[in-house]
Engineer: 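To start, I am sharing the structure in question, which I have written as structure tokens.
Here the structure is a predicted model, which is why all the values come from computation and not from measurement. Excluded from the calculations below are hydrogen atoms, water molecules and symmetry mates; all remaining heavy atoms, backbone and side chain alike, are included. Sequence positions, counted from 1, serve as the residue numbers for this chain.
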Amino acid sequence: MNQMNDKKIFEVPLYAYQRSPDQDAEAPVRRKVVVIGAGPIGLGAAIDLAQQGVEVIVLDDNDKVSFGSRAICFAKRPLEILDRLGCGHEMVAKGVEWQLGKVFFDERQVYEFNLLPEKGHEFPAFINLQQYYFEEYMVNRVRALQAEGAPIEIRGRNKVLRVTDTGDHVSLLIDTPEGEYKLEADWLIACDGAASPTRAMMGLDFVGRVFEDNFLIADVIMEADFPTERWFWFDPPFNRGQSALLHKQPDGVWRIDLQLGWDIDKEEEKKPENVIPRLKTMLGEDVKFDLEWVSIYTFQCRRMEKFRHNRVIFAGDSAHQVSPFGARGANSGLQDTDNLGWKLKLVMDGIAPESLLDSYDIERIHGAEENILNSSRSTDFITPKSEMSRVLRDAVLDLSEHYAFARPLVNSGRLSVPCTYDGSPLNTPDALPGGPARSRPGSPCADAPLGDGYLLSKLGDQFTLLTIGADAPATLEAEGLTLTRLALEATSDITERYLGEAASAVYLIRPDQHVAARWPAYDAAAVKAALKRAIGKE
């Protein structure tokens with residue numbers, strides 16, 4: 001077992017406090033971008049910007065990675081984003097891959113599902129990886145960028161006490177072990193979690209629902225021969241009237257979620273003498289295990305009304321919260337930063353108007369609403385609010401064992417999928433007759449195998465002109481940007497994912513690998529107009 005090694009990850013400062021020259025400056029130093037929070041979302045935002053050459057300072061009141069595994073399920077789309085950030089493959093190598101889920105009702109399995117039945121993707125449907133490893137790999141990536149000379153810095157034990165948006169910059173008051181200092185930022189990205197002190201300092205709040213239920217999370221270290229699958233129980237004999245969830249993690253760690261109900265004493269329920277008997281009832285008296293981490297959560301499905309407040313931009317849990325069913329928290333937060341980074345860079349470079357950042361609000365609120373809707377539906381199914389709802393839920397589960405039509409009605413957590421930005425002002429109306437719906441404007445690009453690698457790794461993080469069976473110039477200069485062409489052959493995978501019934505296709509792909517526009521053939525004027533729209537100039 002690697003329990004002691006894991007503990008060291010929690011205990012060793014990875015970004016220990018060091019005095020910054022900014023603390024000794026006579027007047028507050030102005031920085032380009034300041035990120036508050038060195039969790040997965042804050043680090044994701046910072047790495048994205050640093051890779052584009054943008055100066056970024058990360059402030060965190062801690063100096064270590066998160067204690068406990070916390071977020072553990074990371075979906076294919078965020079893994080593809082992490083690959084562009086330079087740390088996706090390491091996480092997959094360490095993580096536990098899975099794509100099969102099983103649903104149980106009482107003591108019997110009613111059905112199973114496959115999250116990635118389609119071949120030809122570089123990354124798996126999901127990995128399970130403790131958040132402390134996730135953060136450690138991201139900190140390692142920051143260190144590698146620093147060694148390459150990238151303008152990125154993490155300041156541990158720098159606690160933000162005050163945030164003031166002055167109109168053309170943000171003023172910060174920061175506390176450290178050596179006293180307070182002031183700092184200014186052209187832009188501030190708040191990634192400081194569900195309890196966001198930044199949000200509170202600015203007098204902002206959430207809108208949405210708070211669910212009246214509690215769930216026990218326990219990470220246990222044990223040798224078990226359970227397969228690497230997601231197992232979800234409704235009304236199991238070991239937790240009658242409630243639900244349960246089992247996931248495998250690296251290092252022999254297993255995540256167990258047990259629904260407890262609303263009227264409980266949280267501190268009592270977290271005590272080992274109360275947790276261990278529950279786990280023995282589930283796992284069996286003879287199973288030997290060590291309790292590594294315990295927490296109780298009450299969840300909410302809420303969001304801020306706006307994510308952008310002039311020069312302060314919120315991302316991740318500080319902007320929106322969902323229940324953990326479906327693994328939407330960290331996964332959607334990384335999609336926030338993926339949406340924001342390239343837009344902020346274009347605005348800072350003067351290529352795009354500041355109003356481009358309003359599309360971050362539009363697109364990511366659309367994503368948050370989609371997640372909240374799915375998360376709320378999952379929660380209502382898992383925790384029926386009336387006896388009639390429970391009767392209906394149980395009937396659906398009974399039917400799902402024998403009838404396929406009932407299985408889509410079962411909702412143990414619609415698992416995280418990337419958001420399609422239908423209706424975005426950055427989209428050009430679809431102009432590819434017979435094109436696949438999955439690659440319409442606003443959609444994230446589906447990966448596909450190429451002769452020498454995979455599509456998404458070749459798209460990179462710039463505007464790209466993707467052609468299939470169509471001629472186009474190797475490069476195109478427009479709006480202060482250079483578009484590079486990526487020409488593909490019409491393999492069966494490319495045809496299914498990008499051509500459909502069309503004989504040829506030309507796609508304009510955004511830096512976050514979402515489709516901005518598509519046509520059956522190259523037209524320079526149409527491409528330039530679509531690019532102009534995609535950077536917020538129309």
Side-chain angles (χ1 to χ4, degrees), residues 35-46 58-62 64-75 78 130-132 134-135 138 159-161 163 188-217 219 255 257 260 262 266 270 293-309 312-337 339-340 361 364-365 367-376 378-379 383 413 416:
V35 174
I36 303 179
I41 312 311
L43 292 174
V58 182
L59 305 176
D60 197 284
D61 59 1
N62 198 356
K64 307 175 185 70
V65 297
S66 297
F67 178 78
S69 64
R70 301 180 185 271
I72 62 164
C73 296
F74 298 99
Q130 294 94 319
Q131 186 169 323
Y132 47 78
F134 191 96
E135 292 181 16
M138 295 188 92
K159 181 178 181 179
V160 178
L161 300 178
V163 172
L188 178 69
I189 306 175
C191 305
D192 48 351
S196 178
T198 307
R199 196 178 61 237
M201 285 178 227
M202 295 182 67
L204 303 170
D205 203 353
F206 283 133
V207 293
R209 295 172 64 186
V210 178
F211 287 87
E212 295 186 354
D213 218 322
N214 293 285
F215 286 76
L216 172 78
I217 297 178
D219 278 355
R255 158 68 61 81
D257 286 41
L260 299 179
W262 180 242
K266 294 182 183 179
K270 281 197 295 187
W293 178 66
V294 174
S295 182
I296 288 180
Y297 61 86
T298 302
F299 49 82
Q300 305 170 354
C301 290
R302 309 195 296 171
R303 67 168 176 84
M304 298 178 71
E305 291 190 69
K306 292 196 308 177
F307 297 171
R308 180 195 171 202
H309 292 262
V312 181
I313 302 169
F314 291 82
D317 285 352
S318 69
H320 45 75
Q321 291 174 266
V322 291
S323 75
F325 305 119
R328 288 187 171 80
N331 287 307
S332 65
L334 284 166
Q335 290 168 73
D336 289 346
T337 64
N339 186 285
L340 176 60
D361 243 19
R364 291 314 300 159
I365 285 175
E369 285 290 292
E370 188 176 284
N371 281 323
I372 286 169
L373 175 65
N374 283 309
S375 190
S376 299
S378 299
T379 306
T383 62
S416 176

Engineer: Measure the CZ-CG distance between Arg303 and Asp205 for me, rounded to the nearest 0.5 Å.
Structural biologist: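 Those atoms lie 12.5 Å apart.
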Engineer: Heavy atoms only: give me the nearest Ser318-Ala315 pair and the separation to one decimal.
Structural biologist: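 Heavy atoms of Ser318 and Ala315 come nearest at OG-O, 2.9 Å.
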Engineer: Counting N and O atoms only, with roles assigned by atom type, does the side chain of Asn331 sit under 3.5 Å from a partner on the main chain of Pro78, one being a donor and the other an acceptor?
Structural biologist: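 Judged by distance alone, no pair lies under 3.5 Å.
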Engineer: Exactly one of Leu188, Val58, Thr337, Leu59 should register a side chain to side chain contact (heavy atoms under 4.5 Å, CB included) with Val35. Which one does?
Structural biologist: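 Among Leu188, Val58, Thr337, Leu59, the one meeting side chain to side chain contact (heavy atoms under 4.5 Å, CB included) with Val35 is Val58.
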Engineer: Could you list the residues that satisfy side-chain hydrogen bond (donor to acceptor under 3.5 Å, both in side chains) with Arg308, not counting sequence neighbours?
Structural biologist: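 Arg308 satisfies side-chain hydrogen bond (donor to acceptor under 3.5 Å, both in side chains) with Glu354, Asp358 only.
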Engineer: Checking the side chain of Thr198 only, and the main-chain atoms of Ala190 only, is there a donor and an acceptor separated by less than 3.5 Å?
Structural biologist: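 The answer is no, because no donor-acceptor pair under 3.5 Å joins these two groups.
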Engineer: Any idea which heavy atoms bring Glu135 and Pro40 closest together, and the distance?
Structural biologist: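 That closest heavy-atom pairing would be OE2-CD, 3.5 Å.
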Engineer: Identify which one of Leu204, Ile189, Asp336, Ile36 satisfies the side chain to side chain contact (heavy atoms under 4.5 Å, CB included) criterion when paired with Phe314.
Structural biologist: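 Among the candidates, only Leu204 passes.
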Engineer: Donor-acceptor pair, distance only, cut-off 3.5 Å: does the side chain of Asp257 make one with the backbone of Ile217?
Structural biologist: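 Here the side-chain-to-backbone pair does not exist.
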Engineer: Would you call the rings of Tyr297 and Phe215 parallel, tilted or perpendicular, where under 30° means parallel and over 60° means perpendicular?
Structural biologist: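 Ring orientation of Tyr297 relative to Phe215: parallel.
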Engineer: Nearest 0.5 Å, please: how far is SG in Cys73 from CD in Gln131?
Structural biologist: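 Gln131 atom CD to Cys73 atom SG measures 12.0 Å (nearest 0.5 Å).
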Engineer: Counting distance only, does the side-chain N/O of Arg199 pair as donor-acceptor with the main-chain N or O of Asp192 below 3.5 Å?
Structural biologist: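 Flag not set: sc Arg199 to bb Asp192 has no pair under 3.5 Å.
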Engineer: Looking at every non-hydrogen atom in both residues, tell me the closest pair between Leu161 and Met201 and how far apart they are.
Structural biologist: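 Minimum heavy-atom separation between Leu161 and Met201: O-SD, 3.4 Å.
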Engineer: If I take atom CZ from residue Phe307 and atom CG from residue Leu340, how far apart are they, to the nearest 0.5 angstrom?
Structural biologist: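 Interatomic distance, Phe307 CZ to Leu340 CG, rounded to 0.5 Å: 11.5 Å.
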Engineer: Main chain of Gln130, side chain of Arg255: is a donor-acceptor contact present, judged purely on distance under 3.5 Å?
Structural biologist: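 Here the side-chain-to-backbone pair does not exist.
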Engineer: Got a salt bridge between Lys306 and Asp361, using NZ or NE/NH1/NH2 to carboxylate O under 4.0 Å?
Structural biologist: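 The answer is no: the pair does not qualify as a salt bridge.
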Engineer: Nearest 0.5 Å please: distance from the NZ atom of Lys266 over to the CG atom of Leu216.
Structural biologist: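 One gets 12.0 Å once the value is rounded to the nearest 0.5 Å.
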Engineer: For Ser332 and Arg364: C-alpha separation, side-chain torsions, deciding distance, then whether side chain to side chain contact (heavy atoms under 4.5 Å, CB included) applies.
Structural biologist: CA-CA 9 Å; Ser332 65; Arg364 291 314 300 159; 4.0 Å; yes
